[in-house]
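Quick notes on the structure that follows.
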Amino acid sequence: MVGGHHRLMDVMFVTQSDFYAGVHSELRPLTNPDAEFVWQQTWTQIKKQDDETCPSVLPCQIDATGALAPLRSLFYCSHRALYCHPLCPACGTPLDLCCNDDFLETAGLPAYSKSLSRFLYCADCHDASDNAYFYARHVTGACSARVKDSNALIEAFSLLLSRSDLSDQLPCIGCAEAANCFGPDMLVLNRMQPLQFYPFHMLMQQAPTLNALDFLALVSGAKSRKLPQVKSRGFLFEQDDRLFMEILYLKLTFLQELIALINSDVFVPVSRMSLDGIGVDMKTQGAHLPHFWNFSLRLVNPIGKAPPHPAGSDLPYARIHEFLGHAWFYVLLVNETQQMMQLNAVFDEHLVKGDNRQVYTGELFDHSAFDPGHIFWQPGTIELAPDWQTLWRRALEMGLSLLRAGAGTGSDFSPAAFAVRLEKLKNQVHQCLFKTPPVVQAPASKTSDAANGRIAAILSNIREQWPQSGDLPATDNDELARTVISMAPQLPAVRENLEKTVFISPSQEQPAAPETSSPANAADAGQSNKTVEEGLEETIIAYPGQGKAGKAGS
């Protein structure tokens with residue numbers, strides 16, 4: 001959408017198709033009223049959403065009862081960049097969808113209420129004549145001689161070129177190119193195209209950042225230019241072995257949101273349930289984490305086909321579980337080289353049927369198709385640490401429980417219990433991902449050992465003068481030094497003897513100070529030592545190799 005010359009937002013449209021492919025069934029044939037029911041049922045569900053996520057409709061799309069009303073057929077002239085509605089070539093009246101079964105059956109055509117066939121017609125012309133034409137996007141052998149296709153309809157617009165009163169309805173009227181468009185080359189067939197030949201329903205909404213399938217490829221490590229607006233990196237551990245666990249965590253988060261979306265009131269079982277109908281919104285402005293950590297899911301294409309089951313049946317829930325099971329393994333394992341068809345073949349290979357049960361053999365997850373390396377877009381066999389391997393196997397087993405529930409063999413399946421298990425698994429993956437690595441101590445040098453020995457001798461001498469009521473614990477040299485520093489302010493009697501004690505590292509390039517210096521000795525040292533004397537109100541301990549002495553408050 002643009003306002004003037006400024007881009008306001010990207011929007012997407014879900015529109016009713018002119019054709020319903022792949023829905024024919026002799027057992028339960030679908031009809032135009034079934035298709036209309038799907039749209040109305042979908043609108044009833046999705047209008048419950050809040051204003052921010054609910055798809056938008058135009059005022060003319062809602063009728064007096066609050067139901068979704070269809071928009072008129074829409075054609076487009078590319079030469080003049082104008083939209084128009086198809087007009088009757090005989091009288092110039094807008095064409096409409098014929099829902100009159102008597103008219104259609106009299107003309108030898110399939111009835112609207114008993115088929116998925118649709119036809120445009122002019123009600124006025126059909127009332128006046130029994131020989132008026134019907135119009136279809138394409139004419140098949142089942143159509144009678146009274147049906148013309150879309151090309152014939154567009155060519156017949158030439159009959160209206162003299163109707164100047166219709167110039168605001170048909171771009172051909174008054175156009176300087178009309179003679180060429182309707183001449184021997186019939187350029188009009190290239191310049192005028194039906195966008196929606198039949199009246200149609202439409203839902204409009206803000207476009208998501210990505211389609212779910214594109215997002216899953218990117219979060220698996222695929223390279224793409226689909227996110228040009230993102231300047232930051234996508235992962236926390238892109239150059240780290242922990243990238244595997246990070247991708248697993250992000251994919252489990254995706255699945256968790258997908259399950260929540262499908263189980264919400266927004267989702268209706270009549271939907272075709274495809275990941276292609278899921279949009280991913282990514283927050284890229286003001287995000288403090290890499291951009292793959294900032295996403296949410298949205299149902300953007302809820303329209304499909306009518307349910308092939310009676311109302312009140314438990315089959316919708318089985319369909320949802322089956323869909324989620326396949327989606328689970330798609331999310332975890334489909335990549336550049338392994339597709340869902342190959343995974344389904346592996347499932348079929350390890351499926352044992354009998355006694356109305358479907359059981360997968362124990363060797364299922366030993367198959368190379370379930371290697372953890374398939375989580376990456378460019379897969380490869382990898383070996384996981386034992387705790388990582390346990391979490392990966394647990395993730396696979398959870399997906400299998402969804403497939404069993406979808407097949408009706410998981411009688412003990414509980415969506416609530418599954419949600420708890422998924423949250424627990426996510427937390428365990430998160431803990432492994434951010435587990436603090438062990439600290440590796442560098443071996444001490446010979447120089448530091450010698451220096452520590454001299455310091456230890458001095459500190460041992462100090463400890464002999466320490467009050468007996470608070471013996472120091474036996475510890476190593478560094479810990480002994482820190483203990484002296486922390487406890488010294490509590491021992492004023494000893495402080496008098498130590499207030500000018502200085503330990504200088506052997507690595508420092510200055511003359512070694514006496515281990516115990518008195519004020520008189522400092523005065524004899526000259527002006528250069530006077531400055532040091534003024535600073536000796538503190539105890540100073542220099543560790544070997546430090547750039548300067550560490551100070552502990554006196």
Side-chain angles (χ1 to χ4, degrees), residues 1-21 58 60-61 69-98 109 116-126 131-141 143-204 207:
M1 294 181 66
V2 294
H5 298 289
H6 300 286
R7 187 187 190 97
L8 298 179
M9 68 173 67
D10 292 325
V11 297
M12 65 171 295
F13 299 89
V14 179
T15 59
Q16 185 175 3
S17 174
D18 281 341
F19 304 100
Y20 302 107
L58 302 173
C60 61
Q61 288 184 261
L71 296 168
R72 292 169 61 187
S73 303
L74 192 63
F75 285 42
Y76 178 70
C77 172
S78 60
H79 176 69
R80 298 188 62 185
L82 293 175
Y83 297 90
C84 64
H85 303 298
L87 304 179
C88 173
C91 67
T93 301
L95 296 176
D96 205 352
L97 181 66
C98 183
L109 299 174
L116 284 174
S117 299
R118 287 178 289 174
F119 302 92
L120 297 181
Y121 83 132
C122 174
D124 292 341
C125 291
H126 276 268
N131 296 317
Y133 286 107
F134 294 91
Y135 301 94
R137 182 69 183 263
H138 297 290
V139 174
T140 65
C143 296
S144 71
R146 293 178 57 187
V147 179
K148 293 188 175 183
D149 63 12
S150 60
N151 284 348
L153 172 61
I154 292 172
E155 290 177 5
F157 288 161
S158 61
L159 302 176
L160 300 174
L161 294 179
S162 61
R163 294 282 303 270
S164 58
D165 58 315
L166 299 178
S167 60
D168 60 337
Q169 298 184 50
L170 193 65
C172 305
I173 299 174
C175 177
E177 281 292 300
N180 292 327
C181 279
F182 294 97
D185 293 334
M186 273 294 166
L187 297 179
V188 68
L189 296 180
N190 294 325
R191 294 174 171 178
M192 178 79 74
Q193 293 293 327
L195 299 180
Q196 296 285 158
F197 188 84
Y198 304 106
F200 63 100
H201 290 298
M202 180 190 74
L203 298 174
M204 178 179 64

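Note that the structure is a prediction, hence the values are computed from the model and not measured. We use all heavy atoms of the structure for the numbers below, so side chains are in, but hydrogens, waters and symmetry mates are not.
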Distance (rounded to the nearest 0.5 Å) between [X] [atom1] and [Y] [atom2]:
X	Y	atom1	atom2	value
Met192	Leu82	CE	CG	9.0 Å
Leu195	Thr15	CG	OG1	9.5 Å
His85	Asp96	NE2	CG	11.5 Å
Met12	Leu203	CE	CG	9.5 Å
Ser78	Leu187	OG	CG	10.0 Å

Only residue of Leu189, Val188, Leu159 satisfying side chain to side chain contact (heavy atoms under 4.5 Å, CB included) with Phe182 is Val188

Of Tyr135, Phe157, Phe197, the residue whose pairing with Pro86 passes side chain to side chain contact (heavy atoms under 4.5 Å, CB included):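 Checked Tyr135, Phe157, Phe197 against Pro86; only one passes side chain to side chain contact (heavy atoms under 4.5 Å, CB included): Phe157.
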
Side chain to side chain contact (heavy atoms under 4.5 Å, CB included), that's the test. Do Val139 and Lys148 meet it? Break it down for me. CA-CA 7 Å; Val139 174; Lys148 293 188 175 183; 5.6 Å; no

Taking the side chain as C-beta and beyond, is there a heavy-atom pair between [X] and [Y] under 4.5 Å?
X	Y	result
Met204	Phe13	yes
Cys125	Thr93	no
Ser73	Leu95	no

State, to 0.1 Å, how close [X] and [Y] come at their nearest heavy-atom pair, and which atoms those are.
X	Y	answer
Leu87	Gly92	CD2-O, 3.7 Å
Pro89	Leu160	O-CD2, 3.5 Å
Ser144	Leu109	N-CD2, 3.7 Å
Ala152	Asp149	N-OD1, 2.9 Å

Is there a donor-acceptor pair under 3.5 Å between the side chain of [X] and the backbone N or O of [Y]?
X	Y	result
Tyr198	Arg118	yes
Arg137	Ser150	no
His126	Tyr133	yes

| task | Decide if atom CZ of Phe75 counts as having more than 12 heavy atoms of other residues, nucleotides or ligands within a radius under 6.0 Å. | result |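 Yes - once you tally the heavy atoms of other residues, nucleotides and ligands closer than 6.0 Å, there are more than 12.
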
According to the interplanar angle, ranging from 0 to 90°, do the rings of Tyr121 and Phe134 count as parallel (below 30°), tilted (30 to 60°) or perpendicular (above 60°)? parallel

Note to self: Apply side chain to side chain contact (heavy atoms under 4.5 Å, CB included) to residues Cys77 and Cys84 and explain how you reach the verdict.
What the structure shows: CA-CA 8 Å; Cys77 172; Cys84 64; over 6 Å; no

The side chain to side chain donor-acceptor pair (under 3.5 Å) partners of His201 (sequence neighbours excluded) come to Glu36

>> Among residues at least two apart in sequence or on other chains, which ones pass side chain to side chain donor-acceptor pair (under 3.5 Å) with Gln61?
In response: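 Listed in chain order: nothing, the list is empty.
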
Donor-acceptor pairs under 3.5 Å, side chain of residues 165-181 to any protein atom, not counting sequence neighbours: which ones?
{"from": "Asp165", "atom 1": "OD1", "to": "Arg163", "atom 2": "NE", "distance (Å)": "3.1"}
{"from": "Asp165", "atom 1": "OD2", "to": "Arg163", "atom 2": "NH2", "distance (Å)": "3.1"}
{"from": "Ser167", "atom 1": "OG", "to": "Ser164", "atom 2": "O", "distance (Å)": "3.1"}
{"from": "Glu177", "atom 1": "OE1", "to": "Asn180", "atom 2": "ND2", "distance (Å)": "3.2"}
{"from": "Glu177", "atom 1": "OE1", "to": "Arg191", "atom 2": "NH1", "distance (Å)": "3.0"}
{"from": "Glu177", "atom 1": "OE1", "to": "Arg191", "atom 2": "NH2", "distance (Å)": "3.4"}
{"from": "Glu177", "atom 1": "OE2", "to": "Asn180", "atom 2": "ND2", "distance (Å)": "3.3"}

